[in-house]
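Read the structure below first, then the notes.
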Amino acid sequence: MKLLLDTHIFLWFISGKLPLPQSPEIYIPRQRLNHQIKSLAINESSLKYLITLPNLHRDPFDRILVSQALGNNLKMVTVDPEILNYNVSFLK
């Protein structure tokens, strides 16, 4: 099963706190590699659903995550109540 992790879920998984123990450009790639987590690029297919999303969330980056989940047929992992209002498959 492929998942799309909201940023807070990723940070909780790798460390649970900020600031990070190392600079982000070193720590984040190392943790992604250690946990076999891939980055998902923002491309045209990722944005396909963006314009059709109801205006339930004012954060543009979270709206992009929702569009990516829909466009890539991914289950999304988040605890953000505003994202949970979208019609996306969530891991519960």
Worksheet item: Do other residues, nucleotides or ligands put more than 12 heavy atoms under 6.0 Å from the CG atom of Leu18?
Response: yes
Discussion item. Just so I know, are the side chains of Met76 and Ile83 near enough to count as touching, which here means a heavy-atom distance under 4.5 Å?
Written reply: yes
Practice prompt. Could you walk me through whether Thr7 and Leu11 pass the side-chain contact (heavy atoms from CB on, under 4.5 Å) test, one step at a time?
Written response: CA-CA 6 Å; Thr7 307; Leu11 291 173; 4.1 Å; yes
Worksheet item: CG of Leu70 to CG of Leu65: how many Å apart, nearest 0.5 Å?
Response: 11.0 Å
Discussion item. Just so I know, are the side chains of Phe10 and Arg32 near enough to count as touching, which here means a heavy-atom distance under 4.5 Å?
Written reply: yes
Worksheet item: Between Leu4 and Gln68, which heavy-atom pair has the shortest distance, and what is it?
Response: CD2-CB, 4.0 Å
Fill in: Ser46 versus Ser67, closest heavy-atom pair with distance
O-OG, 2.6 Å
Discussion item. Is it the case that atom CG in Asn34 sees more than 12 heavy atoms from other parts of the structure closer than 6.0 Å?
Written reply: yes
Practice prompt. Output, in order, the C-alpha distance, side-chain angles, deciding distance and verdict of side-chain contact (heavy atoms from CB on, under 4.5 Å) for Leu84 and Val79.
Written response: CA-CA 7 Å; Leu84 292 170; Val79 295; 5.7 Å; no
Worksheet entry | Close side-chain approach of Leu3 to Phe90, heavy-atom, < 4.5 Å | no
Worksheet, complete the sentence: Separation between CZ (Arg30) and NE2 (His35), nearest 0.5 Å, reads 11.5 Å
Fill in: Working for side-chain contact (heavy atoms from CB on, under 4.5 Å), residues Val77 and Asp6
CA-CA 6 Å; Val77 184; Asp6 199 347; over 6 Å; no
Fill in: Partner set under side-chain contact (heavy atoms from CB on, under 4.5 Å) for Pro24, not counting sequence neighbours
Leu20, Ile28
Discussion item. For a 4.5 angstrom cut-off between non-hydrogen side-chain atoms, does Leu5 reach Phe13?
Written reply: no
Pairs of donor and acceptor atoms involving the side chains of residues 54-62, under 3.5 Å and at least two apart or interchain, shall be tabulated with distances.
from	atom 1	to	atom 2	distance (Å)
His57	ND1	Asp59	N	3.1
His57	NE2	Asp62	OD2	3.0
His57	NE2	Asp80	OD2	3.1
Asp59	OD1	Phe61	N	2.8
Asp59	OD1	Asp62	N	3.3

Discussion item. Which heavy atom of Tyr27 sits nearest to which heavy atom of Ile14, and what is that distance?
Written reply: OH-O, 3.2 Å
Item to complete: Would you name the heavy atoms of Thr52 and Tyr49 that are closest together and state the gap between them?
Response: OG1-O, 2.8 Å
Worksheet item: Between Asn85 and Pro81, is there a donor-acceptor pair closer than 3.5 Å when you use the side chain of the first and the backbone of the second?
Response: yes
Discussion item. With a 4.5 Å cut-off on side-chain heavy atoms, are Trp12 and Lys17 touching?
Written reply: no
Discussion item. Quick check: closest heavy atoms across Ile42 and Ile64, and the distance to 0.1 Å?
Written reply: CD1-CG2, 3.9 Å
Worksheet item: With a cut-off of 6.0 Å (strictly less than), are more than 12 heavy atoms of other residues, nucleotides or ligands near CD of Glu44?
Response: no
Discussion item. Would you say that Lys75 contacts Lys2 through its side chain, given a criterion of any heavy-atom pair below 4.5 Å between the two side chains?
Written reply: no
